[in-house]
Amino acid sequence: MQEIEKNDVQANEVVRYNPAEIEPRWQAKWDAQPELYAAEPVTGPHKSEKPKFYCLEMLPYPSGQLHMGHVRNYAIGDALARFMRMRGYNVLHPMGWDAFGLPAENAALKNNTPPREWTLKNIEQMKVQMRRIGYSYDWAGTEIATCLPEYYRWNQWFFLKMVEQGLAYRRSSKVNWCPLCATVLANEQVVGGCCWRHEEQIVEQRELEQWFLRITKYADELLDGLDTMPGWPEKVRTMQRNWIGRSEGAHVDFRVSAMADTPAITVFTTRVDTIFGATSIQLAPEHALVKEWVKTDARLAEAVATMVAEQKAARETGDIGNIEKHGVATGMKAINPFNGETLPIWVANYILADYGTGAIMSVPAHDERDFEFATKYGLAVKRVVSARGKEESDALPYGEEEGAVLVDSGEWTGETPLIAQEKMARYAEEHGFGKKTTTYRLKDWGVSRQRYWGTPIPMVYCERGHEGVKAGGVVALPESALPVLLPEQIEITQEGGSPLGKVAEFVHTTCPVCGGPARRETDTMDTFVDSSWYFYRYTDARNAAAPFDSEKANHWFPIDQYIGGVEHAILHLIYSRFWTKVIRDLGLIANSEPAERLFTQGMVIKDGAKMSKSKGNVVSPDLMIEKYGADATRMYALFAAPPDRDLEWQEEGVAGISRFLARVYRLTLKYAPVVRRLEQSTHGDEIAPEQFAGQTVEGAALLRALHQTIAKITEDFSGRWHFNTCIAAIMILVNEIYAAEAAMDKGDVAAATIAELLRTLTLMLVPFAPFLAAELWQELGERSDVFMQPWPVADAELARENEIEVPVQVNGKLANVIKLAADADEVAIKAASLADEKVAARLAGKTIVKHLVIDKSSGKLVNLVVK
RNA sequence: GCCGAAAUGGCGGAAUUGGCAGACGCGCAUGGUUCAGGUCCAUGUACUCGCAAGGGUGUGGAGGUUCGAGUCCUCUUUUCGGCACCA
């Protein structure tokens, strides 16, 4: 690559900052060096001595168009990755493509382009965009596309492992069905009763045979682990806690009276201590017993059918919490095992079949819903918890009271509710009619999808059957049969049923056990399987023999910093935690959680709303880059708001950043000849400290400002990531240098100082504006790669102020600000504050009660309290 | 209903531990530079009274703690996000 040599510019010549010329030139240079951003090896004889830092941004879906949310997400990650590299870390900064999924099939239907072709073309397009922005990814070493067999074969491999471990299983179940996707959705993909991809589409319920992953096996660990993850936002942890929904309680069996052959009704309750207040049993309309009873009771059958329809409709519109409670008495009776009381059994529309046991004991005195229901149907209300014996004057249902104990509860009367819960659950267990139980809202992860563009599930159905497998039974393929390749030539339709089912040569195969005819599973895997473990693959992306090498993964994991949108708080972030625990138990990795720290960035909005095609407020990154340059675009994305907040895109702001970069460019080019001459005279060695000796006042002030800026930015990078204030600090520094321009031109600032200023300024720009930084580094006469330079270190001595400004308050209100020597002691400060004219004017005719001098590291302050 | 986050100029935002509220940028205004400008430079810009010097008010609202509160406490309003007959 040809180096660009420029002659010394005349001081008054106008040099224009032209990112359209600078950026493509550097991009071409960088693209020609595939190893540029590769991490050093972490195994073998040449293994890196540096501490590791795994910086990861969530991998994008290759829609073909990078949007501003991506630009921002990756600008945050890239700033961090570049900073950590300069701080001496061995940085893994990978990128890949979440490349399976429905849009490719929709595009195929629309344009008659095969999904694979469409996807790969989109990847190419987006990669061009990402390279244009100058993100420091190790493309050559890490890039993956989940739709390629080199990747998805490991999905299949993990699936087989899970089948072996009993973690993947097949069962018939009620599932969410999106008619527009023509496929099943996981619970996590249903948002407010609607499809996560089609926000207007109500999700239907269908009964289907599906593959499930037993995520519930890890429910407790997933929940408890949240308490050990301080590096994750509280918001995400709370959302996951709610999603898992652990609820401690008890199962209690109520026998159905006079029906010895009918199984007992098991209810789930979190308040077994209130069981003496139960006045009815309520069953979900779809409870197994109800299904029996409606066979012989037409009136009941009709009422139940209505309720089922109602629940279905309400669930689909997301109004399940608002439907009016009603129910129907079955005429049956159940016996409370604690006191032998006979309770009527009802069917009620507010009981959910898929939570708990689908049956409850109704305690109207202590539960709002039960109370509402009991009032409507005239069922008894019986108080069993009270602080003061029995006072019926309180508002119903009775709430929690300080010091409440059980009343009218047999041998448990007088116990506190918490202790009673323990004792009564134990009693039930000892007498064989119940036990302490934990229930979860989390359900097993349904991973079957009736779509084409996904990972084939590596299972077959043996048609004839063989020993241990009945005809049509399911058989796992051996590892040697992997990958099960997705056929390329296929007709895509949305008529329901898996498109793969129509590909005869795919479907028809032989049973790996008996060699007889077999049919392949034609459903594909949920694409969230792909993204559940991709970050492990990054550590060893070219491995053809295993999903990854454990030694490498163990070196890099956990991810030091994971960055992405909060919209994945439940979906991806819970699935990938689950996957981590599974492969830990398989012995592949040592860590139990994937990421040490998680950062959720805010959305990019425009005119107060999320950018979307339908709202017509989308700002194209390409257009921004064309007008203002990649540096200005990404830097604006970091400057306009702190990264965790929503960011309002204002084009004028991008123009402002562009102006700032132009100011830096002009400043550097103006003094670059001075710096280059100095370099030559010192043969490019480090500038010796003695060259700073005998600083002029102007030079010392500039160095002070410089080192204060270094300290500020370095600190911000280590914790809060308020890049907006980092960038503001650089702007302030540049403004100060410009303010000293006349002094510099007169020769009042040493050449070595100017060199130090400009070189350090350039280094500090690397995380935010890498193209400009590279250009300026070269202009300053440097030949090395600017982004591999060590990050500047703040010198506290140089940063120290020798004069300070001390605000003087009178009764807490600012009277004046006085200037004092930095080492002025309390006596001197007091004297100076009293000597000030403006302060004296405020004190006239008053008595001083207190004279406070506050001295903190952040500064000093005087407050005079007067009467 | 429950949980979480937030509210500061015309706008985005700053004030990290209670200590000069409004950094930095945008916008706007005035002046200058330029053949020209999505150029550049300078100055000003919270509100309010005042010609001015100078004063008063001010961080959604109401109280409180403190020498001192945008920051802490209590209550409250609004906005956004999540969960929601979860027994």
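Numbered from 1 within each chain, the chains take letters A, B, ... in sequence-line order.
Residue A:K382 qualifies as enclosed at atom NZ: its count of foreign heavy atoms under 6.0 Å is above 12. Sparse packing is recorded around NZ of A:K436, with 12 or fewer heavy atoms of other residues, nucleotides or ligands lying under 6.0 Å away. Within a 6.0 Å sphere centred on CD of A:E803, other residues, nucleotides and ligands contribute more than 12 heavy atoms.
At the heavy-atom level, A:D370 lies nowhere under 4.0 Å from the strands shown. The residue A:K712 sits close to a base: some heavy atom pair falls under 4.0 Å. Across all strands shown, A:E715 has heavy atoms under 4.0 Å from base atoms, whether or not it also approaches the sugar-phosphate. Nucleic acid contact class of A:E651 (heavy atoms, under 4.0 Å, all strands): base. Counting any heavy atom pair closer than 4.0 Å across all strands shown, A:R645 reaches sugar-phosphate atoms only and no base atom. Across all strands, A:R663 comes closer than 4.0 Å only to sugar-phosphate atoms, never to a base (heavy-atom distances).
Residue A:R842 places its side chain closer to B:G55 than to any other of B:G55, B:G81, B:U16. Taking only side-chain atoms of A:V865, from C-beta outward, the nucleotide of B:A87, B:C67, B:G4 with the closest atom is B:C67. With B:G68, B:A87, B:C86 as the candidates, the nucleotide lying closest to the side chain of A:I351 is B:A87. When the nucleotides B:G12, B:C20, B:C85 are ranked by their closest atom to the side chain of A:A640, B:G12 comes out on top. If you check B:G13, B:A87, B:C20 against the side chain of A:T270, the one that comes closest is B:A87. Of the candidate nucleotides B:C85, B:G56, B:C86, B:C86 has the atom lying nearest to any side-chain atom of A:Y355. For A:I854, whose side chain is taken as the heavy atoms from C-beta onward, the closest listed nucleotide among B:G82, B:C67, B:U16 is B:C67. When distances are taken from the side chain of A:R720 to each of B:U16, B:C20, B:G13, the shortest belongs to B:U16. Distance from the side chain of A:E805 is smallest for B:C20 among the nucleotides B:G81, B:C20, B:A87. Here the side chain of A:K813 is nearest to one of B:G19, B:U57, B:G13, namely B:U57.
By the 6.0 Å and 45° rule, A:R441 does not stack over the aromatic ring of A:Y355. Because its NZ or CZ atom is not both nearer than 6.0 Å to the ring centre of A:F373 and within 45° of the ring axis, A:K325 does not count as a cation-pi partner of that residue. Remark: A:R597 fails to qualify as a cation-pi partner of A:W232 under the 6.0 Å distance and 45° angle criteria applied to the six-membered ring.
Relative orientation of the A:H251 and A:F268 rings is perpendicular, given thresholds of 30° and 60° on the angle between their planes.
Between the side chain of A:N242 and the base of B:C83 there is no donor-acceptor pair of N/O atoms closer than 3.5 Å. You'll find a donor-acceptor pair under 3.5 Å spanning the side chain of A:Y628 and the base of B:G38, going by distance alone. For A:K850 against B:C67, a side-chain-to-base donor-acceptor contact under 3.5 Å is absent.
Between A:V385 and A:T274, the shortest heavy-atom contact is CG2-CG2, 4.1 Å.
With rounding to whole Å, A:I605 atom CD1 is found 13 Å from B:G13 atom C1'. Between A:W721 atom CH2 and B:U16 atom C1' there is a gap of 17 Å when expressed in whole angstrom units. At whole-Å resolution of the value, NZ in A:K856 and C1' in B:G19 are 6 Å apart. As rounded to whole Å, 16 Å separates atom C1' of B:A6 from atom CD of A:E648. Taking atom CD of A:Q809 as the reference point, atom P of B:C20 lies 7 Å away to the nearest angstrom. When the P atom of B:A87 is taken as reference, atom NE2 of A:H366 falls 17 Å away, rounded to whole Å. When rounded to the nearest whole Å, the span between CG of A:D644 and C1' of B:A6 equals 11 Å. In this structure, the NZ atom of A:K325 is 13 Å from the C1' atom of B:C86, given to the nearest Å.
B:G19 is paired with B:C67 under the criterion used here, namely a Watson-Crick or G-U wobble arrangement in which both key atom distances are under 3.5 Å. In this structure, B:A36 makes no Watson-Crick or G-U wobble pair, since no nucleotide meets both defining distances under 3.5 angstrom. Of all nucleotides present, only B:C3 satisfies the Watson-Crick or G-U wobble test against B:G81, with each distance under 3.5 Å. Nucleotide B:C75: paired with B:G61 (Watson-Crick or G-U wobble, both distances less than 3.5 Å). Pairing for B:A52 is absent, judged as Watson-Crick or G-U wobble with the two contacts each under 3.5 Å. Across all strands shown, B:G27 forms a Watson-Crick or G-U wobble pair with B:U45, both key distances being under 3.5 Å.
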request  = Start with the C-alpha distance between A:E651 and A:K627, add both sets of side-chain angles, then the distance that settles salt bridge (Lys or Arg N to Asp or Glu O under 4.0 Å), and finish with yes or no.
outcome  = CA-CA 10 Å; A:E651 189 169 336; A:K627 285 174 87 167; 2.7 Å; yes
So which protein N/O to nucleotides 48-50 of chain B N/O distances come out below 3.5 Å?
none

Polar atom pairs between nucleotides 26-31 of chain B and protein, under 3.5 Å, N or O only, would you list them?
from  : atom 1 : to     : atom 2 : distance (Å)
B:C26 : OP1    : A:R659 : NE     : 3.2
B:C26 : OP1    : A:R659 : NH2    : 2.9

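Rounded to whole Å, the C1' atom of B:G4 lies 15 Å from the corresponding atom of B:A84. When the C1' atom is used for both B:C67 and B:G12, the distance is 36 Å, rounded to whole Å. Distance noted for atom P between B:C24 and B:A42: 13 Å (whole Å).
Side chains of A:T725 and A:D716: a donor-acceptor N/O pair is present below 3.5 angstrom, by distance only. A side-chain donor from one of A:Q205 and A:N176 sits under 3.5 Å from a side-chain acceptor of the other.
Only A:N724, A:T725, A:A728, A:M731, A:I732, A:N735, listed by number, bring a heavy atom of residues 723-739 of chain A to less than 4.0 angstrom from any atom of RNA chain B.
Remark: A:Q421 engages A:D273 in a side-chain hydrogen bond (donor to acceptor under 3.5 Å, both in side chains) (not counting sequence neighbours). In this structure A:A640 satisfies the side chain to side chain contact (heavy atoms under 4.5 Å, CB included) test together with A:Y636, A:L647, sequence neighbours excluded.
Phosphate contact (OP1/OP2 of B:G82, side-chain N/O of A:R441, threshold under 4.0 Å): absent. The side chain of A:R666 contributes an N or O atom lying less than 4.0 Å from OP1 or OP2 of B:C41. Look at A:R16 and you won't find any side-chain N or O under 4.0 angstrom from OP1 or OP2 of B:C40.
For A:F433 and A:F254, the ring centers are positioned 6.0 Å apart or more.
Annotation: of the two residues near RNA chain B, A:L852 and A:T238, the 5′-most nearest-nucleotide partner is A:T238.
Separating the CG atom in A:L223 from the CZ atom in A:R241 is a distance of 7.0 Å, to the nearest 0.5 Å.
For residues 843-854 of chain A, the side chain to side chain donor-acceptor pair (under 3.5 Å) pairs, not counting sequence neighbours, are A:S833-A:H851.
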